[in-house]
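Everything below concerns the one structure shown next.
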Amino acid sequence: MGDSVRCKKVVLFADLRGFTNLSESIHIEALFSFLNQYLTLMEPIIQSRKGFIDKFIGDAIMAIFDDELNACEACLEMISVSKTLVLPNGNPLLMGIGLHSGDLILGTVGSPSRLDTTVIGDTVNLASRIENANKTYGTKILLSESVLNNLPSNQFVIREIDKVKVKGKEIAIGVFELLGQNNK
């Protein structure tokens with residue numbers, strides 16, 4: 001259908017916690033307004049770190065970065081800014097972010113009457129699964145071992161979490177929590 005290119009990128013998945021329950025308990029107009037406010041705050045953070053948003057998936061964000069350093073800095077800023085938001089029901093906003101880097105296909109998919117540019121591949125799927133693991137570990141930002149291995153040493157405060165076998169994978173991967181920047 002369209003052009004594509006194989007490349008190495010960092011994929012970020014961010015997801016709001018409790019959004020489904022929230023959508024069942026407040027007026028849809030308030031939910032819609034809040035979601036637009038949230039996404040309006042997140043987009044410039046991603047762009048300022050040389051990332052681009054591939055898509056919004058309801059309350060989730062899928063973004064792509066060329067390098068791990070910018071992706072991690074964006075994650076930390078997104079979490080910081082999210083702490084300033086309050087959900088329409090008065091509860092604090094909670095979110096989880098997952099990062100994974102590797103090969104993927106960037107291109108155009110679809111049909112003759114509707115095309116969309118996106119990224120596909122195992123790297124994308126694994127980033128989504130890593131984001132979801134935040135729920136299990138009570139963390140906010142989880143990185144894969146491939147992201148960790150491409151970061152400058154001592155740039156960030158990182159805690160090893162576990163080796164996890166995510167859905168659809170036979171081999172466990174190391175996941176690490178990104179806690180902040182290292183103040184040398």
Treating Ile, Leu, Val, Met, Phe, Trp and Tyr as nodes and any side-chain heavy-atom pair under 4.5 angstrom as an edge, say whether Val81 and Tyr38 lie in one connected cluster. yes
So, Asp15 side chain and Gly96 main chain: donor-acceptor pair closer than 3.5 Å or not? no
Answer whether the closest heavy-atom distance between the side chains of Ile173 and Leu126 falls below 4.5 Å. yes
Could you tell me the separation between the NZ atom of Lys9 and the CG atom of Asp103, rounded to the nearest 0.5 Å? 11.5 Å
Do the side chains of Met95 and Val147 join up, straight or via other hydrophobic residues, at under 4.5 Å, putting them in one cluster? yes
Between Ser101 and Glu68, is a side chain to side chain donor-acceptor pair (under 3.5 Å) present by the stated rule, with each step listed? CA-CA 8 Å; Ser101 61; Glu68 290 79 1; 3.1 Å; yes
Locate the shortest heavy-atom distance separating Glu177 from Lys140; write the atom from each residue and the value. OE2-N, 4.3 Å
Please step through side chain to side chain donor-acceptor pair (under 3.5 Å) for the pair Asn125 and Asp122, ending with a clear verdict. CA-CA 5 Å; Asn125 297 335; Asp122 188 54; 4.9 Å; no
How far does CZ of Phe13 sit from CZ of Arg129, to the nearest 0.5 angstrom? 9.5 Å
With distance as the sole test, does Asn150 use its side chain to make a donor-acceptor pair with the main-chain N or O of Ser146 at under 3.5 Å? yes
For Met42 versus Ser82, what's the shortest heavy-atom pair and its separation? CE-N, 4.2 Å
List the steps, then state whether side chain to side chain contact (heavy atoms under 4.5 Å, CB included) holds for Ile53 with Phe56. CA-CA 8 Å; Ile53 294 175; Phe56 298 126; 3.7 Å; yes
With no hydrogens and no angle check, do the side chains of Thr118 and Asp54 hold a donor and an acceptor under 3.5 Å apart? yes
Taking Thr40 for the side chain and Asn36 for the main chain, is one N or O donor matched with an acceptor at less than 3.5 Å? yes
As an exercise, state the distance from CD1 of Ile141 to CG of Leu178, rounded to the nearest 0.5 Å. 4.5 Å
With rounding to the nearest 0.5 angstrom, report the CD to OG distance, Glu43 to Ser48. 11.0 Å
Of all the heavy-atom pairs spanning Met78 and Ile97, show the shortest one and how long it is. CB-CD1, 4.1 Å
Are Ile79 and Val10 linked, directly or through other ILVMFWY residues, by side chains that come within less than 4.5 angstrom of each other? yes
Quick check against the 3.5 Å criterion: does Asp59 have a side-chain atom that pairs as donor or acceptor with the backbone of Phe19? no
Identified side-chain contact (heavy atoms from CB on, under 4.5 Å) counterpart of Cys72 within the set Leu151, Ile158, Leu12: Leu151
Before you tell me yes or no, could you show the steps for Glu73 and Gln155 under side chain to side chain contact (heavy atoms under 4.5 Å, CB included), namely the whole-Å CA-CA distance, both residues' side-chain angles and the distance that decides it to 0.1 Å? CA-CA 10 Å; Glu73 288 176 342; Gln155 177 83 25; 4.2 Å; yes
Check Pro92 against Leu87 and note the closest heavy-atom contact, atom names and distance. O-CD1, 3.6 Å
Using the side chain to side chain donor-acceptor pair (under 3.5 Å) rule, take Thr139 and Asn134 through it: C-alpha gap first, then chi angles, then the decisive distance, then the call. CA-CA 5 Å; Thr139 53; Asn134 281 297; 2.6 Å; yes
Would you say CZ of Phe32 has more than 12 non-hydrogen atoms from neighbouring residues, nucleotides or ligands within 6.0 angstrom? no
With the threshold set at 4.0 Å, does a side-chain nitrogen-carboxylate oxygen contact exist between Asp66 and Lys50? no
Is Arg17 salt-bridged to Glu131, going by a charged N under 4.0 Å from an acidic O? yes
Polar side-chain atom of Asp162 near backbone of Val164 as donor-acceptor pair, under 3.5 Å: no
Using the rule given for side chain to side chain contact (heavy atoms under 4.5 Å, CB included), can you reason through Val119 versus Ile64, listing the C-alpha separation, both sets of side-chain angles and the distance that settles it, and then say yes or no? CA-CA 9 Å; Val119 292; Ile64 312 302; 3.5 Å; yes
Criterion side chain to side chain contact (heavy atoms under 4.5 Å, CB included) on Val175 and Leu143, from CA distance to verdict: CA-CA 6 Å; Val175 291; Leu143 318 172; over 6 Å; no
I'd like to know if Leu16 and Leu94 are part of one continuous hydrophobic network [Ile/Leu/Val/Met/Phe/Trp/Tyr, side-chain heavy atoms within less than 4.5 Å]. no
ILVMFWY network linking Ile57 to Phe52, side-chain heavy atoms under 4.5 angstrom: yes
State, with a plain yes or no, whether a side-chain heavy atom of Ser4 is found less than 4.5 Å away from one of Leu106. no
Please name the pair of heavy atoms, one in Ile161 and one in Leu142, separated by the smallest distance, quoted to 0.1 Å. CG1-CD2, 3.8 Å
Working to the nearest 0.5 Å, report the span between CZ of Arg49 and CZ of Phe65. 9.0 Å
Smallest heavy-atom separation, Ala74 atom then Ile45 atom, equals O-CG2, 3.7 Å
Rounded distance [0.5 Å steps], CG in Asn91 versus CG in Leu85: 13.0 Å
